[in-house]
Each structure stands twice: as C-alpha cells, then as structure tokens.
There are 2 protein chains.
Amino acid sequence: MAASTLTEVARLAGVSPATASRVLNGSARIPGKDIAVRVRQAAESLGYIPNAQAQGLAKSSSGLIGLIVHDIADPYFSAIARGVQEAAREQHKMVLLATTEGAPESEKEAVGAFAARRADSIVIAGSRTSRVEDRDGNAELAAELDRYCRNGGHVGVIGHGIVGATAADGYHVVSVPNEELAAQLATELAASREDFVIIGGPEGLFTSDDRIRGFQRGLAVAGLPAADVIRTDFNRAGGFEAGLALAARITASQPRTETKRLCIFAVNDVMAIGAAAALRSQGLRVPRDAAVAGFDDIETLRDFRPALSTVHLSLEEIGRQAASRAAGPSADDAGSPPITGQVILRRSTEVAHPSSAES
Amino acid sequence: MAASTLTEVARLAGVSPATASRVLNGSARIPGKDIAVRVRQAAESLGYIPNAQAQGLAKSSSGLIGLIVHDIADPYFSAIARGVQEAAREQHKMVLLATTEGAPESEKEAVGAFAARRADSIVIAGSRTSRVEDRDGNAELAAELDRYCRNGGHVGVIGHGIVGATAADGYHVVSVPNEELAAQLATELAASREDFVIIGGPEGLFTSDDRIRGFQRGLAVAGLPAADVIRTDFNRAGGFEAGLALAARITASQPRTETKRLCIFAVNDVMAIGAAAALRSQGLRVPRDAAVAGFDDIETLRDFRPALSTVHLSLEEIGRQAASRAAGPSADDAGSPPITGQVILRRSTEVAHPSSAES
DNA sequence: CGGTATTGGGAAAGCGCATTCCCACTGCGT
DNA sequence: ACGCAGTGGGAATGCGCTTTCCCAATACCG
C-alpha cells in the first residue's frame, strides 16, 4: 500500500488537486474556509504525507542542507554538526550527512551527491590542506564546488577556503582565528619560560599549520626561541606517539632539576590527551614533569585530569554560523559576529608548586 | 544558470532522453558501445549531474536513510551515527539526520519528515521510555512509524522497540543486552562486598531501567542486598548532582574505616564521569574513597583518570546493524550476530591497596 | 530464402506536486 | 441595468527522470 497522494486527497474532498495543494501547503492563494476544512479532513483520514521529492522537483528546492565532516564520531565534528543541525532546524531544513576521512576526492564526491539531491546549501568542516599529493584532489573539489555555486548553490566552509576555489558568490567561509589564538596561548604560557615543543599534524594541514605558526610567533614575541615541531597524525594516536618520543627525551635529560620543564603544545585537544597518556604510560606526571596544552576545548574532554589548558572554541557556534551564512543572502552574513576563542589555562600547565617539588 | 538536464545531454549526443538515461544510470538495457561513449562525453562536457529528486520520484525510492538521535554531539549517539553512516555508504545511500532531544513528539515529527522525503529506511537511536507523560507521544510515534512501515518503509530501532508499535514487517529492533551485562558487572563488582548504590536516569527510561534491574539482579545472585537507587538526569549534570549527594553521605559516615567503601554504578559513562567529578570536587578520591563504574565504554572517555570501569558496547556496530537490518530483506537479518558487550574493570573500581591505605 | 527471434533505439506515459492560466461567479459603482 | 474588478475554483502544463511499449533493423533457424 503506497502512501496516498494529493490527487487522492483531492478526490476524497471533492475538489481539484490544485485546490488541495493550495490548502495543504502554503500558497499565496488561500481557498475558502469550508473547503479548506474538507480538504484537511480528507488528508487526515487518508494519512496523507506530501511527497517532498515531488515538491522539490516542482519548486526546485529541496529543503536539504549538506554537511561534510571527516568523522562524525570525532567530538570536534559532532559539536559542529550540532550547530549545523540547530541552524537547519531554524531554517526548516534537514541535514544530509557525509563523512570523508578528509580525503579531497571523497569530499568532491560528497559535493556531487549533494548537488544531485539539489541541497540548498553545503557546509564543509574539517581542515583544508595544501599538501602536494592533495593538489589534484583539491582542484577537482574546487571545480565541483564552483559548479555547484554556479548552479545556485551556497556553500559555507569552516576554517580556510578551499584551495583554488574562485570567489563565486554563494561561497562563504567562516574563518577561525587559529593563528591569533595560538599566539595568545603561547604568550600566556611563555611567562614560565620553559622549553617548548609543538606536536603538530602533517605538514600542509591549514588548521595545524596556522596554530603552529601562531604559537611560534607568540614565543618569538616573548623573546623565546622557536619550539621544536614534531609532525604526526592529527589524532589521539599521533599525539600518543609523539608523547612517547618526548617522554624518552625527558627521561634522558635527568636529573630534571638541571633542565627546564618541557611544555608541550599539541595542536588539538585529542592529540594533547594522547600525548599526556603517553607521558603517563612512561611514568611521567603532568604537570610536574611536563606541561601539556591543547586546542579546541572539547566538551567531553573537560573532565580529563589534569584539566587540560587549551583554547576554547565555540564549535557549535561555528557550525551554526556556517550553516546560516550559507543559508542565503539574509542579513545574517553581516549580522553574525566573527568567531572568537579564549585561552583557558588549567591544571595541565600549572607551574610546579615549590612546596610540592621533590625535596 | 541552472544545472543541465538529461534531455540536454541527450540532444547534445544526438540521442533520445531514454537512451541517455540508460547509459548514464544503471539500466537493465545497455546501449551500444559507441553511443554510450557519445552520451558520456556529452554529459561530461555539460557537467551533467542527475537530479536525484526526479530520479527518486520516477523510481519511488530516494537513496536516503533517516537517523534519529537525541543529540548528535553526545558521544554515545555520534558513535552510533558513525556506524549508520558506514552502513549507508555500503548501501550507496546518504544519511539524513534529525535530533530530537528524546521527545517522542519530535521523534514523530522526524519520522514524518523522513516519510515525506521517502527515506528508504529509518534508524531510531536513543532510549525509549514508558513514562506516563510520554504515553500519548509514544502512541503517536508508534502510529506514525506504523504508517511509514505500511507504506513500505523499514525501520531499525536501537534498544527497545517503540511502545505500542505493532510488529509490522519492516520493523526491526537491534536489542542490546543491557540487563544481562549490568548483571554481569554487578557480579564482578560484588566480589569486593562493598556498599552499592546506583545512579539511574529518570524512571521509565528503558535503557536506564534495564541496567538498574540487571545490576540489582547481579547483586541479589551474589547474596547482597539491593542497592539504593538515585534517580537523576541521564547526563553528566545528573551524574554530578547525584555524586554531590553521595559525597555528602560518604563524608558524613566518617571515619571511613568503620564503613565499607561505597561502590557507585552509574547507568552510563557520562553520568559516571559526572559523579566522579562531583566526588573529586568534594575532596574525595576515586577509587580510594569510593568506587565508580559506568556503562557504554565511550571512546573519548577512555583517557579519563582513574580509568573508568564500565561495560563495553560496540556502539558503532550497533548503529551499523540497525541500518543494515533495516536495509532490506537481505540475508543480513539472520546473518548479523546479536549484540554483545564485555565488562571491563579498570582502575576506578580497584579495591583499595592494603599498603596504600592510610596507616 | 522466408520467417521468426532478438537486438537497439525512440516515443510517450507517468511519478506527485506547484503553478500559470483561464473561467464562472459575485459585489460594486455609476 | 450594465460593465468592471475582484474572488475562488479547476484544467493543464511542466519539473527531470525512468520505464514500459513499440518499431526498425539485424541475426538466426530450418
């Protein structure tokens, strides 16, 4: 038994499909009161549900907003997803999800799928890259997005714009002041004049590179030498691996009293957590033996001990803004405030308490 | 400039729309080699993207799978979402997301929206409830789902079936052995013969109630008295609140040496984390002053210290199964193994080390 | 070599709805 | 009383595609 159609409803109500359409879905023309009631009753008794596909075809707009993330289970992305979802609800649209593991080819594919579904707008989260091996992929992605925009689509990119995308209109980027915030973090951390080391993602990842650059700048401003940079995977495992290497370095430079404490800045929270776990696994303590700081202020990680110093980013707001900017030429574009963040110093970077130092 | 259509492609290639359709989208009939090439070239040069809405209309199937969760940013749900997403990818479908905060009315609404979009299947995650105030909502939800199924839809429910849903075919539930696993957890924890207390969600939440019941049963089997149950919200804040109350209870019963240590079982990990945080905020230590156990084994929480004893659930697999079961009458239904879990005892419930006890 | 399968392409009929016309009817002005 | 704008409803067209159904051309059979 297939779902009932508008025509059936119309027949039951004894009116034409046109009239039924007018009463059931918002139209400029509102039929007479009594007839409206009849139609509504008929629809109710038939359990009529409008076919959104047909509506979309007729009106050429789908009420869909596409969201592209690396991995929906990653708290960073799921927080953004929540924001997008909220914006979607406000716009009376639904969100269509695509996960890509960050590969430009999959992203291109996802954009194509969204375009096929005639999504009204597309939000792309996840770090853009400038890696050589991604060049072709990025170019194709840019081309696909370009076509999508030319066909009337709107896209909101989080972080950096797509490399090579022409600044078509309908193309908005919500930029995150990664560099500035990282610099700020470095400034605040620099007060303790420790040895700094940065755990970064693979070279070419904009988010990672920006944060590294900012942190180095902050250090420089404070008159400190540039920090070593360890390149690793942009996830917990990468942080863990780097942490292991650093643990060895720390242990080797015994006795500790002769060297300054190491302060580790991981370019995101999950990497920082990984690094901290690695240190602990080697018998080292945070912040006693090393300070650790992250970036993002992931909500689920706030109960981590020692509490992680980090840079707070309102991921949800970022997602929401990307979605509402892309929504259309409403006043939103100018109205929404730029994204900001705040350095949050917690226990993981506290300077060793003199009295608690080993006697 | 609107996207180009199949007809345009056909005209450019000098063939009929029918032929173009046959070559560009999988059809039973495959046109001649040379003609296929021509059509493909034309499509390429025009940047043709099939209109999925029109396809859906014509084929009456959308390639969409709807996912309903309480909150996509909750790690529990995002893990499930990942599984669903994977299954969707295998089925060459896309997932449509809806978040409902767990309100049956919103869920009903979401089902309606999915039905309107002619989603091929719907996956509902999130605890079902039997609360009185939700009775009407549940009934409506059940009716809506029923209608959806009758119209050929397939639904996969995670955990308990919807209250009042008739067992239409196309209706699958992936059941999670919450009760058994909780009982097992209790059994293993019972060895230490402590005082037990359970932090549960609001009464009527199946997931919560099942876990409570199972835990009590495990306790009973071990010959221990039933544990007190504190009812609170099914989230971190609820756990924190309950933790605060318990901290007061623990502190009041000083000196500790006279009473057994308290073992707190929170019905999910985030509540457990909240409780642990509350205890710590009151100067209590886990596991020294109280043991804490959770449920779910949320990935992001694995680095929590002290490591949380819990019951591992492969959320991703659960999501995947729900999606593939609902996918269709393929052999999957019988083929997929039932969901299992494992009790994992970690540091948070370790028995106090005799030597580390206060002398 | 005639006749019947078989192949390969096109014409046309929808899929379910929105919407533009068009038409019958009412109420108003002068 | 006539013509006018205005109102409320229906017929018909098209959104972009799939899919019968149909027809011509080829292949194959005895």
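Below, read A as the first sequence line, B as the second, and so on, with proteins coming before strands; counting in each chain starts at 1.
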Exercise. Decide, yes or no, whether a salt bridge links A:Glu8 with A:Arg11 under the criterion of side-chain N to carboxylate O below 4.0 Å.
Key: no
Practice problem: Figure out the CZ/P separation between A:Arg38 and D:dG8, and round it to whole Å. | Solution: 15 Å
Quiz item: Near DNA chain C, under 4.0 Å by heavy atom, which residues of residues 53-60 of chain B?
Solution: B:Leu57, B:Ala58
Quiz item: Any salt bridge between A:Glu107 and A:Arg128, counting N to O under 4.0 Å?
Solution: yes
Quiz item: Given axes from five pairs at either end, by how many degrees does the helix from C:dC1-D:dG30 to C:dT30-D:dA1 bend, rounded to 10°?
Solution: 40°
Quiz prompt | Length of the line joining B:Asn51:CG and C:dC15:P, which is rounded to integer Å | solution = 18 Å
Tabulate protein N/O versus nucleotide N/O from nucleotides 23-26 of chain C, keeping only pairs under 3.5 Å, one per line.
none

Self-check item: Phosphate contact (C:dC17 OP1 or OP2) by A:Asn25 side-chain N/O below 4.0 Å
Solution: no
Quiz prompt | Atom-pair distance (CZ on B:Arg117; C1' on C:dG16), nearest Å | solution = 15 Å
Quiz item: Could you give the CG-to-P distance, from B:Leu6 to C:dG10, as a whole number of Å?
Solution: 13 Å
For nucleotides 9-13 of chain D, tabulate all protein N/O to nucleotide N/O atom pairs closer than 3.5 Å, reporting atom names and distance.
unit_1, atom_1, unit_2, atom_2, d
D:dG9, OP2, A:Gly32, N, 2.9
D:dG9, N7, A:Arg29, NH2, 2.1
D:dG9, O6, A:Arg29, NH1, 2.4
D:dG9, O6, A:Arg29, NH2, 2.8
D:dG10, OP1, A:Ser16, N, 3.3
D:dG10, OP2, A:Ser16, N, 3.0
D:dG10, OP2, A:Ser16, OG, 3.0
D:dG10, OP2, A:Thr19, OG1, 2.3
D:dG10, N7, A:Arg22, NH2, 2.9
D:dG10, O6, A:Arg22, NH2, 3.1

Exercise. Apply ring pair (Phe, Tyr, Trp, His ring centres under 6.0 Å) to A:Phe77 and list each qualifying residue two or more places apart in sequence or on a separate chain.
Key: A:His70
Quiz item: Does any pair with a residue in residues 106-126 of chain B pass ring-ring contact (aromatic ring centres under 6.0 Å, His included), and if so which ones, sequence neighbours excluded?
Solution: none
